[in-house]
Amino acid sequence: MATPGLSGISLLPGSPRRLCPRAVVRGGQDPKHGQQCLQVPRPGARGLQGSLTRRSSQASGGGRSPNSSVINNYLEACEPLSSEPRLSRLHFHDNQRKVDYVLVYHYRKRGAHPGSPGHSLAIVSNGETGKDPDAGAPGDIEPGPLDALEEERKEQREEFEHNLLEAGLELEKDLESKSQGSVFVRIHAPWQVLAREAEFLKIKVPTKKKRYVIKSEGSIAKTFNEILQKLSAPLKPRVPEHSNDRMKNLSYPFSRERMYLYNIQDEDTFFDNATRSRIVHEILKRTTCSRANNMMGINSLIANNIYEAAYPLHDGEYDSPGGDVNDRKLLYQEWARYGVFYKFQPIDLIRKYFGEKIGLYFAWLGLYTSFLIPSSVIGVIVFLYGCATIEEDIPSKEMCDQQNAFTMCPLCDKSCDYWNLSSACGTAQASHLFDNPATVFFSIFMALWATMFLENWKRLQMRLGYFWDLTGIEEEEERAQERPRPEYEARVREKMLRESDKSLVQKLGTGGTEDADDEDKLTWKDRLPGYLMSFASILFMIALTFSIVFGVIVYRITTAAALSLNKATRSNVRVTVTATAVIINLVVILILDEIYGAVAKWLTKIEVPKTEQTFEERLVLKAFLLKFVNAYSPIFYVAFFKGRFVGRPGSYVYVFDGYRMEECAPGGCLMELCIQLSIIMLGKQLIQNNIFEIGVPKLKKLFRKLRGETEPGEADSACSKHPEQWDLDYSLEPYTGLTPEYMEMIIQFGFVTLFVASFPLAPVFALLNNVIEVRLDAKKFVTELRRPDAVRTKDIGIWFDILSGIGKFSVIINAFVIAVTSDFIPRLVYQYSYSHNGTLHGFVNHTLSFFNVSQLKEGTQPENSQFDQEVQFCRFKDYREPPWAPNPYEFSKQYWSILSARLAFVIIFQNLVMFLSVLVDWVIPDIPTDISDQIKREKSLFVDFFLKEEHETLRPTEEPARRSQGASRRSGGSPAASPVPSGRSQRGSSTSPGSQHTSV
């Protein structure tokens, strides 16, 4: 049975599967029962706790080329299992080695096309291909262009997988037994690789030191914390990581030279699954492939369709029956269901399963949602105050009093008649709900609320960073994350190939561009076309948004004029036009949001940022700018521009021939601003944030399922009955980042803070949305997305700067909303400057100017006026001189005094709120006092622990040395004759006789 030239092929113990075709066993021995021979010839195998390290090497009698197929195991699809059952779907088929990462590629054999019978090739142990008995004769089908491309990709994959084996990883994949289909390459990292990479990445791991208690400051704080813990006990999720947040492990960066510091009981479970997949991902990112133009990393290979996907596995199924509980199932039960919406989030378990970056997002979202509770309560109180005082509002009572016969000028030319101000009683009363003195207080409160939220987030971020051991992320680790993007490498490679100097072409074979000269990098001249294109495109998109807003304005004007011609629709013109215009704005915003997101991504790509972090920051800035303008342009128009450029009777401003600019309602534009803001905010949250997030992923999953059923050769029925975990995860939606999740919350944060003076109920609707949003995002991450790579990060990045900018911008916006849009300043000026008794009696008459109807332009007078009495003067809302004044219809003294009061209010409000915000920022420290004290305490604890472990490690080697020295002295020998010197331990640590450590 021995095969010449193929000795040293190690066996895979414990494998229940049968031998592959033409398999060769080690040393000419027949395979024992329950064993399968490996496909990698090598000199020898080295075992480590049941896990064998298998690498590519030369077979006896000959060498192996770098591009040969060097894989540990080739397993035929759906082979019948032996009597030994599969213990886990997360392991290799030997039931011993974990699957830490999965690569997926789609293969297509020569001449294969959909519907063809296929030519199956069996891969044998030496990496060559043997003809399958059922395959056709060689040379039956001539190779085509697609076959050549597939062969090239196959060689590139083989080289990449060979390099992974050289890096110490272990691979397993199925046999390509069909004409076409998907192949899953399972990757396992043995202990030596994990230890090496953990030391290189400076991953902090728990030491032997038991968890120590984090002390509370003072007895009062301790008592309050105990009471709070008891009250919140029913709200805590039932997960181990959430049991006690006052305990912390003493962690230290992993070091192979100080293994005695760590409590390594089982090498297979010492690193959790997220850390193992992160280590493998780091290896995948830096592994090169010379056949693929020296591409570096799996991302480059995926971008060039050499591989289709790469992802870590979920920890089993979340809805599996039985008592076995994994982290994914625990997250689903205690976090990703709507039935547990009242519970706190298990942030520590989220971080453990998904990594620090996603953990920080959900921690931020949870803090933001909890901070919306007090703002919602205050907003409801302000709204109820408006409802309670509506009967006491003097201006509203004057407008509703029919005895005050205020005859108003026509709202349009010809078809509109004179009308009484009392007919707008309902609008005036509704405006008081949101335009009352309490809204000023609420605006100041929300500005301080935004500052306190950001300050508390900085404190929570520091606290999480301390508990998650993020405070000591080294610069080397951050630089390791700054690898060039595949697109950047491709552009640099194209630039180098265009150069005439041969030395530049030779640098192509050195691998990577990190240590290249300036000639190997993209300069500003190379990026200038992309920058110009981005600048011009952003300007065009902003202009497009303004054009659409102007188009909606024209729609409102023309529709109002058309409805005014009909007596049946004339009474509901304002309501109809406002409602339809807001709905049009909402639809346009939803459509442009999707377009602008794709445009921002395309513009960022043509700029060719070097690193992923730079790419993400530029993408976020572009997408936020475009979506901010898109969402808030209609609101800004209603708040600050509508009704400001109308003109006056006899001298109106016309958009087109015969169409007057639209005016605000008699009660002011604040009510319309409230309607606009509420519909856009609620519509975006309901349609975009919830329906799109729920419906679109389900439709994509259904489409992939239908496409998989229609494509031949993907899987047999036997496999589909018992799919592996990598098959289940492959059918999930790929993870695309946190940018969409942050973006929708940032836009919502703008709705809550920017125009809160006009809509105090905005925090309430945001709170209701976020209660659902937290569980919706949780369910999406746990059940609908592939498991993301665990990414370490200290903070939320550029999103904090955007939040801070919105918070400061909201102070200015709310100041102008109160001063310009509402009637707060005109009422204040009238009450203290023009009122005879210090009240608001007569305020409505004070805000209305007179106009002589005889001075109306020819052709604009009302036709067939049905007004009860003959009209000589009509009233309009403005501060102008009466017709009998020396300067008729000029701005009056009251207008200038109110304008100066408005500007003064903006300046005072802005500076007061900014001062209070700075004061809050100064009073609340960024780092909690207990955390700063514990950081110092942890350093002292670690020094004591380190000395203790060093002493216990040296003691077994020092005792024989002292006994040997004593014996040599008694026998008259020399201490130098002892086999182990007293001043040197087995680990090479120098000690002196007088430096014996005591137990701490």
Tell me, yes or no, whether the heavy-atom count around [X] atom [atom1], taken from other residues, nucleotides or ligands under 6.0 Å, exceeds 12.
X      : atom1 : answer
Tyr735 : OH    : yes
Arg644 : CZ    : yes
Lys458 : NZ    : yes
Tyr338 : OH    : yes
Met452 : CE    : no

Using the benzene-type ring in the case of Trp, are the ring centres of [X] and [Y] under 6.0 Å apart?
X      : Y      : value
Tyr632 : Phe751 : yes
Phe624 : Phe628 : yes
Phe383 : Phe434 : yes
Phe371 : Trp457 : no

Salt bridge (Lys or Arg N to Asp or Glu O under 4.0 Å) assessment of Lys352 paired with Asp327: CA-CA 9 Å; Lys352 175 187 174 185; Asp327 286 347; 3.4 Å; yes
Close side-chain approach of Arg351 and Phe362, heavy atoms under 4.5 Å: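 The answer is no; the side chains never approach within 4.5 Å.
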Worked verdict on Arg786 versus Glu733 for salt bridge (Lys or Arg N to Asp or Glu O under 4.0 Å): CA-CA 6 Å; Arg786 296 174 190 165; Glu733 188 75 13; over 6 Å; no
Pair Ser810, Thr753: side-chain N/O donor-acceptor within cut-off below 3.5 Å: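 On atom types as modelled, these side chains do not qualify, holding no pair under 3.5 Å.
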Asp777 and Tyr361 side chains, donor-acceptor separation under 3.5 Å: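 Looking only at side-chain atoms, Asp777 and Tyr361 do form a donor-acceptor pair, the distance falling under 3.5 Å.
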Between the main-chain N or O of [Y] and the side-chain N or O of [X], is there a donor-acceptor pair closer than 3.5 Å?
X      : Y      : result
Asn585 : Val549 : no
Asn911 : Ile907 : yes
Arg337 : Gln333 : yes

Partner of Tyr368 by side-chain contact (heavy atoms from CB on, under 4.5 Å), out of Leu803, Val752, Asn456: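 That would be Val752.
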Rounded distance (nearest 0.5 Å) linking atom CD1 of Ile747 with atom CD1 of Ile806: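 The CD1 atom of Ile806 is 6.5 Å from CD1 of Ile747, to the nearest 0.5 Å.
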